[in-house]
Engineer: 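Have a look at the structure that comes next, please.
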Amino acid sequence: KLYQDYRNQRVGFVSVNTEPDNLSAVREFKKERKLSFPIYVDTGALQNTMKIATYPTIVIADRFGKVRHIHMGSTSMVTLRKELDILLRE
């Protein structure tokens with residue numbers, strides 16, 4: 001839903017899958033949900049670099065690539081929308 005609402009604004013979405021041995025499931029997931037944003041597969045390097053230990057983890061970066069918010073575990077859509085809207089006004 002968030003992707004649908006923000007896809008025509010200056011917001012990019014990327015998904016990172018952490019199961020490199022199950023690429024067929026990743027492709028099927030993307031196809032079933034008709035996702036048009038990229039899904040990358042991480043073998044652990046990104047997880048280690050960003051110190052991600054909880055799933056899902058949502059990272060929100062600004063237009064310069066600076067990480068502004070990290071949410072580990074469940075996060076409300078209200079919170080995500082608020083943060084995105086603030087970044088879009090900057």
Side-chain angles (χ1 to χ4, degrees):
K1 177 76 177 133
L2 199 63
Y3 169 72
Q4 293 297 327
D5 292 346
Y6 284 86
R7 68 180 180 175
N8 293 325
Q9 298 185 44
R10 299 177 334 224
V11 176
F13 290 84
V14 176
S15 177
V16 179
N17 181 281
T18 59
E19 299 176 281
D21 298 333
N22 201 359
L23 296 179
S24 61
V26 173
R27 286 186 197 100
E28 187 63 27
F29 177 84
K30 184 174 181 175
K31 181 179 177 183
E32 285 175 2
R33 286 163 180 78
K34 299 177 182 166
L35 303 175
S36 60
F37 55 83
I39 298 177
Y40 297 99
V41 177
D42 179 37
T43 58
L46 181 62
Q47 295 169 72
N48 291 335
T49 299
M50 297 195 74
K51 297 174 179 43
I52 295 172
T54 304
Y55 303 99
T57 295
I58 297 173
V59 178
I60 298 178
D62 63 20
R63 61 187 166 150
F64 302 107
K66 179 180 177 188
V67 173
R68 300 283 292 271
H69 305 281
I70 298 177
H71 300 280
M72 295 184 182
S74 65
T75 305
S76 76
M77 292 296 256
V78 171
T79 298
L80 296 173
R81 288 178 189 283
K82 179 181 167 187
E83 292 170 352
L84 289 171
D85 290 342
I86 289 169
L87 287 176
L88 285 168
R89 286 193 299 267
E90 291 181 355

Engineer: Which heavy-atom pair separates K51 from M72 by the least distance, and what is that distance?
Structural biologist: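 Heavy-atom minimum between the residues: O-CE, 3.8 Å.
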
Engineer: For R81 and D5, work out which heavy atoms get closest and say how close.
Structural biologist: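 In terms of heavy atoms, the two residues are closest at NH2-OD2, 2.6 Å.
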
Engineer: For a 4.5 angstrom cut-off between non-hydrogen side-chain atoms, does V11 reach L84?
Structural biologist: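 Side-chain contact under 4.5 Å: yes.
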
Engineer: Quick one: CG on L2 to CZ on R7, what's the gap to the nearest 0.5 Å?
Structural biologist: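 It is 12.5 Å, given to the nearest 0.5 Å.
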
Engineer: Under 3.5 Å, side chain of T49 to main-chain N/O of A45, donor-acceptor pair present?
Structural biologist: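 At least one qualifying donor-acceptor pair exists.
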
Engineer: Taking all non-hydrogen atoms of both residues, which atom of T43 and which atom of P20 are closest, and how far apart?
Structural biologist: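 Smallest interatomic distance, heavy atoms only, reads CG2-CB, 4.0 Å.
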
Engineer: Restricting to non-hydrogen atoms, name the atom on G73 and the atom on T54 that form the minimum distance, rounded to 0.1 Å.
Structural biologist: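 Nearest heavy atoms, G73 then T54: N-CG2, 3.7 Å.
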
Engineer: I want to check something: taking the side chain as every heavy atom from C-beta on, are F13 and P38 in contact at a cut-off of under 4.5 Å?
Structural biologist: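 No - every pair of side-chain heavy atoms lies 4.5 Å or more apart.
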
Engineer: Does any donor atom in the side chain of S76 or T79 lie under 3.5 Å from an acceptor atom in the other side chain?
Structural biologist: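 There is such a pair (donor and acceptor under 3.5 Å, judged by atom type) between the side chains of S76 and T79.
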
Engineer: Hey, any chance L23 and L46 share a hydrophobic cluster, counting ILVMFWY side chains that come within less than 4.5 Å of each other, even indirectly?
Structural biologist: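 Looking at the clustering, L46 is in a separate group from L23.
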
Engineer: With the threshold set at 4.0 Å, does a side-chain nitrogen-carboxylate oxygen contact exist between D85 and R89?
Structural biologist: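 Not counted as a salt bridge, because no side-chain N and carboxylate O are separated by less than 4.0 Å.
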
Engineer: Answer yes or no: is there a side-chain heavy-atom contact under 4.5 Å between M50 and V67?
Structural biologist: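 A side-chain contact under 4.5 Å exists here.
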
Engineer: Side chains of H71 and L80: closer than 4.5 Å at any heavy-atom pair?
Structural biologist: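 Heavy-atom side-chain distance check passes, below 4.5 Å.
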
Engineer: Would you mind reporting whether L35 and F29 have side-chain heavy atoms less than 4.5 Å apart?
Structural biologist: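 With C-beta onward as the side chain, the pair touches.
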
Engineer: Which value, rounded to the nearest 0.5 Å, describes the distance between H69 atom NE2 and D62 atom CG?
Structural biologist: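 It is 9.0 Å, given to the nearest 0.5 Å.
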
Engineer: I'd like to know whether R68 forms a side-chain contact (heavy atoms from CB on, under 4.5 Å) with E90, so could you lay out the CA-CA distance, the side-chain angles of the two residues, the decisive distance to 0.1 Å, and finally the verdict.
Structural biologist: CA-CA 13 Å; R68 300 283 292 271; E90 291 181 355; 2.7 Å; yes

Engineer: Do V59 and I86 belong together in a cluster built from hydrophobic side chains that touch within less than 4.5 Å?
Structural biologist: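 They do not share one cluster, since no chain of ILVMFWY contacts under 4.5 Å joins V59 to I86.
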
Engineer: Could you measure the distance from the NZ atom of K1 to the OH atom of Y6? Nearest 0.5 Å is fine.
Structural biologist: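 Answer rounded to 0.5 Å: 10.5 Å.
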
Engineer: Just checking Y40: does its OH atom have more than 12 heavy atoms from other residues, nucleotides or ligands closer to it than 6.0 angstrom?
Structural biologist: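 Count not over threshold, so no.
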
Engineer: Once rounded to the nearest 0.5 Å, what's the spacing between atom OG1 of T75 and atom CD1 of I70?
Structural biologist: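 Reported to 0.5 Å precision, the distance equals 11.5 Å.
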
Engineer: Hydrophobic cluster membership, with links at side-chain heavy-atom distances under 4.5 Å among I/L/V/M/F/W/Y: are Y55 and M77 in one?
Structural biologist: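 Result: no, two separate clusters.
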
Engineer: By the side chain to side chain donor-acceptor pair (under 3.5 Å) test, which pairs, at least two apart or in different chains, include something from residues 8-35?
Structural biologist: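 Residue pairs passing side chain to side chain donor-acceptor pair (under 3.5 Å), neighbours aside: none found.
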
Engineer: Are I52 and V16 co-members of a hydrophobic cluster defined by side-chain heavy atoms under 4.5 Å apart?
Structural biologist: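 Per the 4.5 Å side-chain linkage, V16 and I52 are co-clustered.
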
